[in-house]
Amino acid sequence: MSLRSFFQWCDSLTIANAIRDSRFLFPIIESIHILALAVLLGTVIVVSMRLLGKGMKQRPVAEVYGELSRLRNWALATMLVTGFLLFSSEAMKCYDNPPFLTKMVLLAIAITFQYTVVRAISGKPDALLGRFQATAVAWGSLVLWFGVGTAGRAIGFY
Amino acid sequence: MPFQVAIFVKAQYLRMSIVEMCQWLQDTSIGTSIRESTWVFPILEGTHLLGIAASVGTLLVMDLRLAGFLFKREPVSQVTKAVMPLSMVGFAVMFITGIFLFWSQAIKAYGSIYFKIKLVLLVLAGINALVFELTMRGKSAAWDRDPVPPFRARMAGITGLILWAGVICAGRTMAYNF
């Protein structure tokens, strides 16, 4: 299946048609998408700040990361589901939309980075956490996730 | 002039003047240039969105601590100290960009019920925070380390969460014309 026919298939799904035909579904799903974005970015910011040595220093990094795991996973899952629904309702518009393609690439990198590098680094005991790696991971995840958000907002403006 | 008529005329006059003020505001050179620019409006809008995400996302962590759901082993004051500066930066970004967005679209915002709902929810969120600060914060030493804070603190946290979620939904819905 070529990329184009995959987009066409998404575009023709029953749910995609239902969203297009409704005045309310798109705004409702979009609002949920943005609420989940706020939750996800909140967890990313708090963990990054802890990695940078700001706030809740009595708690180990691993505990701050772990405490927010459920919130982070739920927010991300919600974003992926609502995001796919939004996408399906305007899949052909997204097909030649540079911000959308940028967002998908950034998203793939951000998710991979989050669940490999960030998870591994945040799981280490504080004593084994190098200053440089903590700083790099903190800024890396902030830049990636805010990049996803920025590109996402740009889809509608392009 | 009978009293009711006087009130009616007065109300009409007030109503007109708010519309006129909005019209004047968006006709200023700043309002017009934001509206007509290819880049400025989207950049303001994107920054506004990320500012909201940063402020509400971090506020969420504090509200969940107040509600007794997260970081139960960390004192409330420590979570607040970690989170508040970020919430405030995000809030400032959101407030400043929000003013410019309104400046360029004042008439549309004035006519939008969702904008009014958003303003009311913002005021309620402010009142909720203020009431908490005035009635609970002074006594917070007594329950700072409680895994689950007292009822009123929990309610303040949960109310804050609901109000901010409402602000986001109303704000997003403003962009659509039903």
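Note that the coordinates shown come from a computational prediction; the quantities given were computed from them, not determined experimentally. Quick note on labels: first sequence line is chain A, next is B, and so on, each numbered from 1.
- Counting only distance, with no hydrogens or angles, the side chain of B:Arg172 and the backbone of A:Leu35 share no donor-acceptor pair below 3.5 Å.
- Between A:Phe26 and B:Tyr176, the closest side-chain pair of non-hydrogen atoms falls below 4.5 Å.
- Within a 6.0 Å sphere centred on CZ of B:Arg145, other residues, nucleotides and ligands contribute 12 heavy atoms or fewer.
- Residue B:Leu70 touches chain A through both its backbone and its side chain, counting heavy-atom pairs closer than 4.5 Å.
- For the set A:Val44, A:Leu37, A:Leu40, the entry with the most heavy-atom pairs within less than 4.5 Å of chain B is A:Leu37.
- Hydrophobic clustering places B:Val83 together with B:Met88 (ILVMFWY residues linked when any side-chain heavy atoms are closer than 4.5 Å, directly or through intermediates).
- Closest approach of A:Ala38 to B:Ile168, counting heavy atoms only: CB-CD1, 4.2 Å.
- Looking at B:Leu50, the atoms closer than 4.5 Å to chain A (heavy atoms on both sides) sit in the backbone and in the side chain alike.
- Salt bridge B:Lys72/A:Glu67: absent, no basic N to carboxylate O contact under 4.0 Å.
- In terms of heavy atoms, A:Val64 sits closest to B:Phe71 at CA-CE2, 3.8 Å.
- By the criterion of side-chain heavy atoms lying less than 4.5 angstrom apart, applied directly or through intervening Ile, Leu, Val, Met, Phe, Trp or Tyr residues, B:Phe100 is grouped together with B:Trp24 in one hydrophobic cluster.
- Within the 4.5 angstrom heavy-atom criterion, only side-chain atoms of A:Phe157, from C-beta onward, approach chain B.
- Note on B:Val61: it does not cluster hydrophobically with B:Val93, by side-chain heavy-atom contacts below 4.5 Å among ILVMFWY residues.
- Note: B:Ser55 OG to A:Ile45 CD1 = 9.0 Å, rounded to the nearest 0.5 Å.
- One finds the NZ atom of B:Lys81 at 14.0 Å from the NZ atom of A:Lys54 (value rounded to the nearest 0.5 Å).
- Neither the backbone nor the side chain of B:Leu59 comes within contact range of chain A, judged by heavy atoms closer than 4.5 Å.
- Hydrophobic clustering places B:Ile52 together with A:Phe146 (ILVMFWY residues linked when any side-chain heavy atoms are closer than 4.5 Å, directly or through intermediates).
- Heavy atoms of A:Met56 lying under 4.5 Å from chain B belong to its backbone as well as its side chain.
- Separation of atoms CZ (B:Arg73) and CZ (A:Arg59) is listed at 6.0 Å; rounding is to 0.5 Å.
- Of the atoms belonging to A:Ile28, not a single heavy atom falls under 4.5 Å from chain B.
- Here the CZ-CD distance, from A:Arg153 to B:Glu45, works out to 4.5 Å after rounding to the nearest 0.5 Å.
- Side-chain contact check for B:Leu60 versus A:Leu71: some heavy-atom pair is nearer than 4.5 Å.
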